[in-house]
Amino acid sequence: MLQIATLQVGQKLEPLVKSAVTKVQLVKYAGASGDFNPLHTDDAFAQSIGMPGVIAHGMLVMGFLGQYVMELAGVSATPTNFKMRFGAMTRPGDEITCSAIVKKVYEENEKQLVDLELIAEKAPGKVVGSGEATLHVF
């Protein structure tokens, strides 16, 4: 469990490694999100538009980072200001690693806050998503 009270600027936090993305997961996510673009579920369609095959929904990767932030917060903090930018494409078989670096630890309006820089990578240096979040510590 993350000890929020001991966080320091520049500290790298324990990553979350997600299982490899699967085509079944993409179909399930399409149903859950309502995004049925065949680019995410139909290899033949994806190939017809010049892709090597289906790609994951960007919002699925955002969900992975959201899960990571919630796990970091645990019962000690509330996450806010969660933002993400999309990077490289995620394909079936890619294993996504979510990580964070503490950017700032401060107090504002008598509340302790921690700003995090977030990264989702499919391999070292292959960023599929990056972003930020703030933890409001209890």
Side-chain angles (χ1 to χ4, degrees):
M1 177 184 271
L2 182 65
Q3 299 297 318
I4 292 178
T6 64
L7 295 179
Q8 297 181 18
V9 172
Q11 182 177 350
K12 293 181 182 179
L13 304 182
E14 188 69 28
L16 168 68
V17 179
K18 297 294 291 180
S19 298
V21 173
T22 67
K23 288 182 182 180
V24 169
Q25 183 178 31
L26 299 183
V27 171
K28 287 181 177 181
Y29 188 82
S33 68
D35 181 353
F36 294 101
N37 184 328
L39 176 60
H40 303 302
T41 58
D42 184 340
D43 277 318
F45 173 82
Q47 291 166 353
S48 77
I49 61 169
M51 305 295 291
V54 296
I55 62 171
H57 303 75
M59 295 301 287
L60 177 63
V61 174
M62 188 172 190
F64 294 162
L65 278 176
Q67 174 190 357
Y68 178 57
V69 170
M70 291 301 294
E71 289 182 10
L72 290 174
V75 296
S76 303
T78 299
T80 62
N81 301 326
F82 176 55
K83 300 173 188 168
M84 188 190 128
R85 292 168 297 285
F86 301 109
M89 288 181 277
T90 300
R91 303 205 54 242
D94 289 342
E95 183 178 272
I96 305 301
T97 300
C98 300
S99 60
I101 297 172
V102 177
K103 296 306 286 181
K104 186 176 179 183
V105 178
Y106 57 105
E107 192 172 301
E108 188 176 277
N109 298 326
E110 299 182 26
K111 293 182 181 179
Q112 183 167 354
L113 305 165
V114 179
D115 289 345
L116 302 175
E117 176 183 326
L118 306 169
I119 300 288
E121 297 176 296
K122 62 181 176 181
K126 299 254 185 182
V127 176
V128 296
S130 60
E132 55 193 53
T134 298
L135 299 180
H136 287 242
V137 183
F138 300 138

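If you chain together ILVMFWY residues whose side-chain heavy atoms come under 4.5 Å of each other, Ile49 ends up grouped with Leu39, Phe45, Met51, Ile55, Met89.
Separating the CG atom in Leu118 from the OG atom in Ser99 is a distance of 8.0 Å, to the nearest 0.5 Å. Within the model, atoms CD1 of Ile119 and NZ of Lys12 stand 10.5 Å from one another, a figure rounded to the nearest 0.5 Å. To the nearest 0.5 Å, atoms CG (Leu26) and NE2 (His40) are separated by 8.5 Å. In this structure, CG on Leu16 lies 8.5 Å from CG on Leu72, to the nearest 0.5 angstrom. The line from CD1 of Ile101 to CG of Leu7 is 13.0 Å long, rounded to the nearest 0.5 Å. Here the NZ atom belonging to Lys23 is positioned 8.0 Å from the CZ atom belonging to Arg91, to the nearest 0.5 angstrom.
Ile96 has its side chain out of reach of Leu65: every pair of non-hydrogen atoms, C-beta onward, lies at least 4.5 Å apart. At least one side-chain heavy atom of Leu13 sits under 4.5 Å from a side-chain heavy atom of Leu116. With a 4.5 Å cut-off on side-chain heavy atoms, Val75 and Phe138 do not count as touching.
The only member of Lys18, Glu121, Lys122 that meets side chain to side chain contact (heavy atoms under 4.5 Å, CB included) when paired with Asp94 is Lys122.
The environment of Gln8 atom CD is sparse: at most 12 non-hydrogen atoms of other residues, nucleotides or ligands sit within 6.0 angstrom.
When hydrophobic clusters are built by joining Ile, Leu, Val, Met, Phe, Trp and Tyr residues whose side-chain heavy atoms come closer than 4.5 Å, directly or via intermediates, Phe82 is grouped together with Val137. Note on Phe86: it clusters hydrophobically with Val54, by side-chain heavy-atom contacts below 4.5 Å among ILVMFWY residues. Cluster annotation: Val21 is not connected to Val27 through the hydrophobic network of ILVMFWY side chains, with a link wherever side-chain heavy atoms come within less than 4.5 Å.
Using modelled atom types, no side-chain atom of Tyr68 and backbone atom of Ala120 make a donor-acceptor pair closer than 3.5 Å. Formation of a donor-acceptor pair under 3.5 Å by the His57 side chain with backbone atoms of Asp35 is found in this model.
When every heavy atom of Val105 is checked against every heavy atom of Val9, the shortest pair comes out as N-CG2, 4.0 Å. For Pro79 against Met70, the heavy-atom pair with the smallest separation is CG-SD, 3.4 Å. Annotation for Gly58 and Met84: closest pair O-CE, 4.1 Å, computed over non-hydrogen atoms. Residues Phe64 and Gln25 approach most closely at CZ-NE2, 3.8 Å, considering heavy atoms.
Tyr106 is linked by a side-chain contact (heavy atoms from CB on, under 4.5 Å) to Lys104, Glu108, Leu113, Asp115, Thr134, counting only residues two or more places apart in sequence or in another chain.
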